[in-house]
2 protein chains.
Amino acid sequence: MTYQQHYTNASRHYLAVDCVIFGYENYELKLLLHKRPIEPQIGGWSLMGGFCGSDESLETAANRVLHQSTGLKDIYLEQVQAFSDPDRDPAARVVSVAFFALIRIDKHDPALVDEMGARWWPMDEVPGLVFDHPRIVEKAKERLQMKASLELVGKELLPDQFTLTQLRRLYEAIYQRELDPGNFRKKVLGLNVLERLNTKNTEESKKGAFNYHFRPDADEMNGQERIIKI
Amino acid sequence: MTYQQHYTNASRHYLAVDCVIFGYENYELKLLLHKRPIEPQIGGWSLMGGFCGSDESLETAANRVLHQSTGLKDIYLEQVQAFSDPDRDPAARVVSVAFFALIRIDKHDPALVDEMGARWWPMDEVPGLVFDHPRIVEKAKERLQMKASLELVGKELLPDQFTLTQLRRLYEAIYQRELDPGNFRKKVLGLNVLERLNTKNTEESKKGAFNYHFRPDADEMNGQERIIKI
DNA sequence: CCAAAAGTGTTGAGAGTACACCCATGC
DNA sequence: GCATGGGTGTACTCTCAACACTTTTGG
């Protein structure tokens, strides 16, 4: 057998990407979903997805899908995993690679979202989803929680300036539990990646809270810091 | 456009699995590699891999590859991620999904390994590898370290009975750093997943060390225990 | 007796948690 | 003045890391 035959004898598969798009608004973590425009399960709520082209990497395909559905480029994307149960899509054998994306809801293009029949859903009100998408969302959420425990997230989800309370509420949304305000503050400031600005936000409290932003020269949190050494 | 067309217009891809097979022997973490039997890069050291069939899940395909190369079934397998750079395989566009596997070297079939032109390589002596396999190995190693920090590994890598020193040496191999014997012992026993047996191993010390095994009724370490709560 | 691993105990530093408590201000 | 969030400080607990020390036994 020539090596060409070795390849050509192998089967070819439809390859899709599905994006779990997280956004944060009104103290809630949200998911961007749209109504599936084609059979099977037309009209069912679905993750944003699309097929991977023959000269695209999966990452490129995911970026394309994201751009089409939000109008945004250079979005934070992280691969979750491949889902390949032969029966996961009843219409055809499609292997899907899931990504999660972090979006600033205030920056995306609402017209485009509308046009796609899409909607932001609070994480704890997500409707029934088509195919194996519930499982994909579950895995993506776990990965987001993992990421947030290893480094300070927020740059991709919050406005350029934010208060520590806003950041805390984001973490509360990600972990779905309350955090002590004082302890959170000390912990986060100790990481040395935030910088206090001279402006205050007085919308959410009478006293007003200082705005912070991520230090542009962030000394790359050493990553492993929170991985426990057994 | 009918929905059938929606699918048939999409491109189809070669889908492969590559297995990063970890084993543990002589206090060293090892990798099972073989010489690539076909072009391109014939004869280069390579991960065990194979194409995914049209009715297989990726997990099934990985299990098949593992069975072919070690003679073992029911191996611990975990998906790492998909690698999809269009140029990763110079001969064709092949998307590969990587898995890592944990093997008891003493249980595998050495004849089969021989026949495949395969060899166990200590982790820190791994030769140059074909394609993007070095990157795949790197990612798999990170995942193994992550797994080992979240739960006690060893069931899949050590003999049925083992001493705490043997377990510690496994962790030292995974993390590539020395661990304090006393502290490791206390930490591990505190997890309450090991059970001391009445037998001793006197091969590795004059005094002899008690053998342990994983408690069959293991109360499922609560998983999140070591994920830090920010 | 000595070396070497097995196994136990002690101690100090640091992190996390649960609070108490003052500050500023809009109502 | 009082409720509300902003912000700081404190005290207790727990874990981890370092290391001393005792036990056992083959050579």
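Below, chains carry the letters A, B, ... as their sequence lines are ordered, and counting in each starts from 1. Bear in mind the structure is a predicted one, so any value in this text is a computation, not a measurement.
Among C:dG7, D:dT8, C:dG26, the nucleotide with an atom closest to any side-chain atom of A:Lys206 is C:dG26.
Heavy atoms of B:Thr163 sit nowhere under 4.0 angstrom from any nucleic acid atom.
Between the C1' atom of C:dA4 and the CD atom of B:Glu203 lies a distance of 17 Å, rounded to the nearest Å. Atom pair B:Arg168:CZ and C:dG7:P shows a separation of 11 Å (rounding to whole Å applied). If you take CZ of B:Phe184 and C1' of C:dA5, they are 16 Å apart, rounded to a whole angstrom. D:dT24 atom P lies 8 Å from atom NZ of B:Lys200, rounded to whole Å. In this structure, A:Leu197 atom CG and D:dG6 atom C1' are separated by 16 Å, rounded to whole Å. The nearest whole Å value for the distance from the CD atom in A:Glu204 to the C1' atom in D:dT4 is 13 Å. Straight-line distance from the CG atom of A:Leu179 to the P atom of C:dA15: 19 Å, rounded to whole Å. Atom pair B:Gln166:CD and C:dA6:P shows a separation of 9 Å (rounding to whole Å applied).
The side chain of B:Ser205 contributes no N or O atom lying less than 4.0 Å from OP1 or OP2 of D:dG26. Of the side-chain N and O atoms in A:Arg185, one or more sit less than 4.0 angstrom from OP1 or OP2 of D:dT8. Considering only side-chain N and O atoms, B:Thr202 lies nowhere under 4.0 angstrom from the phosphate OP1 or OP2 of D:dT25.
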Using distance only, find each side-chain donor-acceptor pair of residues 120-135 of chain B under 3.5 Å and give its atom names and separation, not counting sequence neighbours.
| residue | atom | partner | partner atom | Å |
| --- | --- | --- | --- | --- |
| B:Trp120 | NE1 | B:His108 | NE2 | 3.2 |
| B:Asp132 | OD1 | B:Arg88 | NE | 3.3 |
| B:Asp132 | OD1 | B:Arg88 | NH2 | 3.0 |
| B:Asp132 | OD2 | B:Arg88 | NE | 2.7 |
| B:His133 | ND1 | B:Leu47 | N | 3.1 |

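Ion pairing of B:Glu195 with B:Arg215 is absent here, as no side-chain N (NZ or NE/NH1/NH2) approaches a carboxylate O to less than 4.0 Å.
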When you compare the protein's N or O atoms with those of nucleotides 18-22 of chain D, which come within less than 3.5 Å of each other, and at what distance?
| residue | atom | partner | partner atom | Å |
| --- | --- | --- | --- | --- |
| D:dA18 | N7 | B:Asn183 | ND2 | 2.9 |
| D:dA18 | N6 | B:Asn183 | OD1 | 3.1 |

Sort me out a list of protein N/O and nucleotides 11-14 of chain C N/O pairs below 3.5 Å, or just none if empty.
none

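Residues passing the side-chain contact (heavy atoms from CB on, under 4.5 Å) test with A:Glu115, sequence neighbours excluded: A:Leu112. Taking B:Ala118 as the reference, B:Leu32, B:His34, B:Met48, B:Val113, B:Met116 meet the side-chain contact (heavy atoms from CB on, under 4.5 Å) condition, with sequence neighbours excluded. The side-chain contact (heavy atoms from CB on, under 4.5 Å) check on A:Ala98 picks up A:Val80, A:Phe83, A:Ile136, with sequence neighbours excluded. Under the side-chain hydrogen bond (donor to acceptor under 3.5 Å, both in side chains) criterion, B:Glu172 pairs with B:Arg168, not counting sequence neighbours. Under the ring-ring contact (aromatic ring centres under 6.0 Å, His included) criterion, B:Tyr76 pairs with no residue, sequence neighbours left out. In this view, A:Glu142 and A:Glu138, A:Lys139 satisfy the side-chain contact (heavy atoms from CB on, under 4.5 Å) rule, not counting sequence neighbours.
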Apply ring-ring contact (aromatic ring centres under 6.0 Å, His included) to residues B:Phe184 and B:Tyr171 and explain how you reach the verdict. CA-CA 10 Å; B:Phe184 182 81; B:Tyr171 265 84; 5.8 Å; yes
